[in-house]
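Report on one structure; see the data block that follows.
Since we're looking at a predicted model, the values are computed, not measured. Below, chain A is the first sequence line, B the second, and so on; all start at residue 1.
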Amino acid sequence: MMRELHVSLNQTQKVRLQAAFQHLSDIGSQASSGLLVSVSDTIPVNNEDGILKGHGTSERDGQVVATVCGVVERVNKLVYVRALRARYKPEVGDIIVGRVIEIAPKRWKLEINFSQDAVLMLQSMNLPDGIQRRRTAVDELNMRTIFEENDVICAEVRGFQHDGSLHLQARSQKYGKLERGQLLRVPAYLVKRRKQHFHDLEQYGVDLILGCNGFIWVGEHVVPADNEMVEDQESTLKDKEQSYTPLEIRQNICRIANSVRLISALGFAISVDAIIDTAEASKSSNVDIKDMLGAEFYVQTAEREVQKRISLLKKKRG
Amino acid sequence: MEYVNPLTGFRLDGRRPNEMRQIRGEIGVVAKADGSALFEMGNTKVIAAVYGPREVQNKGQQMDGQALVRCEYSMANFSTGDRARKSKGDRRSTEISLVIRQTMEASILTHLMPRSQIDIFLQVLQADGGTRSACINAATLALADAGIPMRDLVTSCSAGYLCSTPLLDLNYVEDSAGGPDVTVGTLVKMDKVTLLQMDAKLPIEMFTDVLQLAIEGCKAIANYIQEVLLENTKKLECMRGS
């Protein structure tokens with residue numbers, strides 16, 4: 001379970017953690033009705049006709065069998081297996097965070113935890129000057145002024161090209177380069193698709209981006225710049241470079257980032273509420289940022305999650 | 001040497017002829033890998049790490065219709081008694097890498113991940129006979145952990161023939177006795193053999209018995225692996241919550 005985080009627990013902590021995990025699995029088996037399968041298990045379909053076999057399934061001797069471990073989902077006639085730990089499966093419109101690994105002619109190549117590198121074309125992003133025009137050879141030569149290798153970028157999935165490559169787009173102010181913060185990698189199944197993936201945590205002065213691909217950005221809050229005169233932008237750029245991130249904000253970034261690390265190490269679903277809850281709990285119980293990844297807070301977080309889920313279950317029933 | 005006691009019918013390590021060593025599998029032992037597993041068969045202990053499907057490193061090897069599967073088998077220097085210096089590219093490990101790659105490739109649905117690459121790294125921590133089988137079983141667990149679609153679970157087990165008795169799951173002493181050693185890899189539910197290797201000779205009448213014994217061993221391992229996987233899936237789903 002503790003893939004990313006190694007904590008050394010003492011005897012009482014071990015017992016408490018085990019109890020918490022036991023509770024969680026009890027609650028889980030009560031709440032979820034989905035059938036769990038592993039590779040090569042047959043999926044019962046009650047001999048229905050016209051079953052559509054979706055992802056993670058195949059056919060053997062007229063029966064539907066799973067090809068991955070996961071949860072069986074049904075939508076009318078469609079049967080598919082939702083894999084848990086696997087690489088990211090892009091869907092059009094997903095908001096993702098990625099890292100530039102290569103600059104090729106007219107395009108950037110990004111690592112986004114998919115089975116191939118994603119492509120961000122020069123023409124599918126807004127230029128810094130904000131003018132809509134044809135991209136010239138000069139623009140192409142200046143690509144490194146926009147994004148360099150190893151830059152972290154936020155973008156949107158545009159779709160698959162005919163040749164099977166994945167294309168991204170960044171046609172809005174909210175997309176683009178991410179600076180002054182931390183990039184965290186978590187398993188993609190922990191991040192659910194929501195209406196909102198950009199979060200401005202005002203009380204912390206921190207921006208949080210939950211990329212659908214399991215890349216999570218925690219960084220200093222940036223005010224979206226308006227498209228003004230070019231000269232103005234240059235001067236603001238200079239201002240930005242001169243100013244530095246205040247210590248308090250940097251600490252907040254670390255606190256939020258450690259919350260994310262903790263939640264993902266425990267394998268809980270990652271949501272803004274869960275992250276803020278964890279960060280607030282660490283603050284209110286005076287846990288130092290560095291101690292957030294320690295044994296005691298680890299166990300406490302697991303126990304708090306149990307309480308949360310129990311009350312959620314009661315609400316559902318009551 | 002007597003490998004099977006003529007009076008009691010027990011083997012040197014106290015097993016019955018058709019008894020397997022204790023097996024144990026654990027998922028998620030390598031933090032940064034997409035999938036990983038530890039597999040033990042008695043004193044043989046193997047660690048497997050799977051990376052991918054990911055972008056192909058060497059563009060020349062990229063295939064348009066399917067994924068490229070690569071496999072690297074190596075033995076830790078401390079895995080055997082004599083602590084011999086083993087170079088990475090020696091004949092034995094190259095051969096085993098190739099064999100394991102072909103076995104796993106037969107089960108992976110490579111056409112679903114075109115233009116990508118899957119790397120399987122196998123490291124023997126303790127060698128006590130049957131490292132090939134243990135590696136295949138570990139690789140299956142690790143691939144399933146990485147969420148890579150497979151036709152069926154590949155499992156492997158060895159069997160031999162010593163003192164006119166078919167023996168299941170040979171350990172190092174029995175393996176080095178010079179008798180026949182049959183390593184079988186199967187797709188259990190599909191009832192297919194994907195790997196069949198034999199050292200030394202064996203009369204055809206005996207061979208079917210030995211093969212059957214090894215296949216039975218594979219089935220037992222598959223049941224265990226299935227259990228481990230299901231438990232792991234359940235844990236992940238429960239922890240994630242709704």
Contact winner vs chain B - [options], heavy-atom pairs under 4.5 Å:
options                          : result
I263(A), L84(A), I270(A)         : L84(A)
N113(A), D61(A), D163(A), V65(A) : D163(A)
T42(A), V37(A), L190(A)          : V37(A)
S25(A), S40(A), A66(A), A302(A)  : S40(A)
G56(A), G70(A), A86(A), P187(A)  : A86(A)

Indicate the atoms forming the closest heavy-atom contact of [X] with [Y], along with that distance.
X       : Y       : value
L230(B) : S38(A)  : CD1-N, 3.7 Å
A144(B) : V39(A)  : CB-CG2, 4.0 Å
C69(A)  : T233(B) : CB-OG1, 3.5 Å
R240(B) : Y189(A) : NH1-O, 2.9 Å
D41(A)  : K189(B) : OD1-NZ, 3.7 Å
G28(A)  : C238(B) : CA-SG, 4.0 Å

Residue [X] versus chain A: region with a heavy atom under 4.5 Å:
X       : answer
R151(B) : backbone
A67(B)  : neither
L187(B) : neither

Using non-hydrogen atoms and a 4.5 Å limit, figure out which bit of [X] sits close to chain B: side chain, backbone, both or neither.
X      : result
D26(A) : neither
S58(A) : neither
L24(A) : both
R82(A) : side chain
R60(A) : side chain
V71(A) : side chain
V81(A) : neither

Worksheet item: If you round to the nearest 0.5 Å, how far is OG1 of T67(A) from CG of D152(B)?
Response: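 If we round to the nearest 0.5 Å, D152(B):CG and T67(A):OG1 are 11.0 Å apart.
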Discussion item. Taking the side chain as everything from C-beta on, heavy atoms only, tell me whether E111(A) gets closer than 4.5 Å to E55(B).
Written reply: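 The answer is no; the side chains never approach within 4.5 Å.
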Worksheet entry | Heavy-atom pair count under 4.5 Å with chain A, highest-scoring of V56(B), L153(B), D145(B) |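 Answer, by heavy-atom pair count under 4.5 Å with chain A: D145(B).
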Worksheet item: So which of S116(B), A222(B), P149(B) has the largest heavy-atom pair count under 4.5 angstrom toward chain A?
Response: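 Of the options given, most contacts go to P149(B).
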Worksheet item: Can any side-chain N or O of R85(A) pair as donor or acceptor with the backbone N or O of L236(B) at less than 3.5 Å?
Response: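 No; zero donor-acceptor contacts below 3.5 Å.
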Worksheet item: Where the side chain of E237(B) meets the backbone of S29(A), is there a donor-acceptor pair that is under 3.5 Å apart?
Response: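 Not a single qualifying donor-acceptor pair exists.
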Considering residues, nucleotides and ligands other than [X], do more than 12 of their heavy atoms fall under 6.0 Å from its [atom1]?
X       : atom1 : result
R24(B)  : CZ    : yes
Q161(A) : CD    : yes
K308(A) : NZ    : yes
E231(B) : CD    : no
H55(A)  : NE2   : no

Discussion item. Checking an interface table here. Which of residues 58-66 of chain B come within a heavy-atom distance under 4.5 Å of chain A?
Written reply: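 Interface residues of residues 58-66 of chain B: none, nothing closer than 4.5 Å to chain A.
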Worksheet item: Of all the residues in residues 107-115 of chain B, which have a heavy atom that comes within less than 4.5 Å of a heavy atom in chain A?
Response: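 Near chain A, by residue number: L109(B), P114(B), R115(B).
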